[in-house]
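Following: one structure in structure tokens, then a few remarks.
This one's a predicted model, so the numbers in the text were calculated from it and none came from an experiment.
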Amino acid sequence: MREDAVSALIDQFVPRQAAPADWDLPALTEAMMRDFNTPIDPKSWIEAEPELDEATFRARCGAAVLAQYEAKRARIGAPLMRQVERDILLRTLDQHWREHLAAMDYLRQGIHLRGYAQKNPKQEYKREAFELFSQLLDVVKLEVTRTLMTVRIQSQD
């Protein structure tokens, strides 16, 4: 989930097959700190290595997020972190699943109108339902990862 969420965030600021000059590094740095609580310095990476390619850049960003997460897990403890992961995942999935079911009901109520546009309502329903489900998965991945990376867990001490 973390890899997919980081990759989706990087896609917003680092277009595929684009030159490093076209990358929006300040916005990426800010987004990584805001969403994943991970400080990165991509400008220094490119200055130190001018021939840095996109795959290596993405791998470094992913490694930085992973290192931040592993440090949090080491600080908190693996059993407690696993419990927090499970709780956050279930709560997020439950919330977004309810929203997804409401969206599916709304889609079902209006799908008959596709017939006026000379489209097969069954095929349109399948296509749009699949798109809604894909969006649900993407949102859950991003929100769970964002929450796990930014949550502060305090002990009673």
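A salt bridge links Asp105 with Arg108; the closest basic N to acidic carboxylate O contact falls under 4.0 Å.
Put simply, Tyr106 and Leu113 are part of two different groups of oily side chains (I, L, V, M, F, W, Y) that touch within less than 4.5 Å, one to the next. Grouping the Ile, Leu, Val, Met, Phe, Trp and Tyr side chains by contacts below 4.5 angstrom, directly or via other members, places Val151 with Leu93. Linking Ile, Leu, Val, Met, Phe, Trp and Tyr residues whenever their side-chain heavy atoms come within less than 4.5 Å places Ile88 and Ile153 in a single cluster.
Side-chain contact between Met104 and Tyr125 is present, with heavy atoms from C-beta onward closer than 4.5 Å. Side-chain contact between Trp45 and Arg60: present, with at least one pair of heavy atoms (C-beta onward) separated by less than 4.5 Å.
The shortest heavy-atom contact between Leu52 and Thr56 is CD1-CG2, 3.6 Å. Contact detail for Leu107 and Ala129: the closest heavy-atom pair is CD2-N, 3.9 Å. Looking at every heavy atom in both residues, Met32 comes nearest to Cys61 through CE-O, 3.9 Å.
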Problem set entry | Full working for side chain to side chain contact (heavy atoms under 4.5 Å, CB included) between Phe36 and Arg2 | CA-CA 10 Å; Phe36 302 127; Arg2 182 182 51 254; over 6 Å; no
Exercise. For Val6 and Thr38, what are the C-alpha separation, side-chain angles and deciding distance, and is it a side chain to side chain contact (heavy atoms under 4.5 Å, CB included)?
Worked result: CA-CA 11 Å; Val6 170; Thr38 303; over 6 Å; no
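Checked by atom type and distance alone, the side chain of Gln68 never pairs as donor or acceptor with a backbone atom of Met149 at under 3.5 Å. No side-chain donor-acceptor contact under 3.5 Å links Glu54 to the backbone of Ala18.
Around the CD atom of Glu70, the shell of radius 6.0 Å holds more than 12 heavy atoms that belong to other residues, nucleotides or ligands. Other residues, nucleotides and ligands contribute at most 12 non-hydrogen atoms within 6.0 Å of the CD atom of Gln83.
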Let me check something: any side-chain donor-acceptor pairs from residues 139-148 under 3.5 Å, sequence neighbours excluded? List them with distances.
residue : atom : partner : partner atom : Å
Lys141  : NZ   : Asp4    : OD2          : 2.8
Glu143  : OE1  : His96   : NE2          : 2.7
Thr145  : OG1  : Lys141  : O            : 2.8
Arg146  : NE   : Asp35   : OD1          : 3.4
Thr147  : OG1  : Glu143  : O            : 2.7

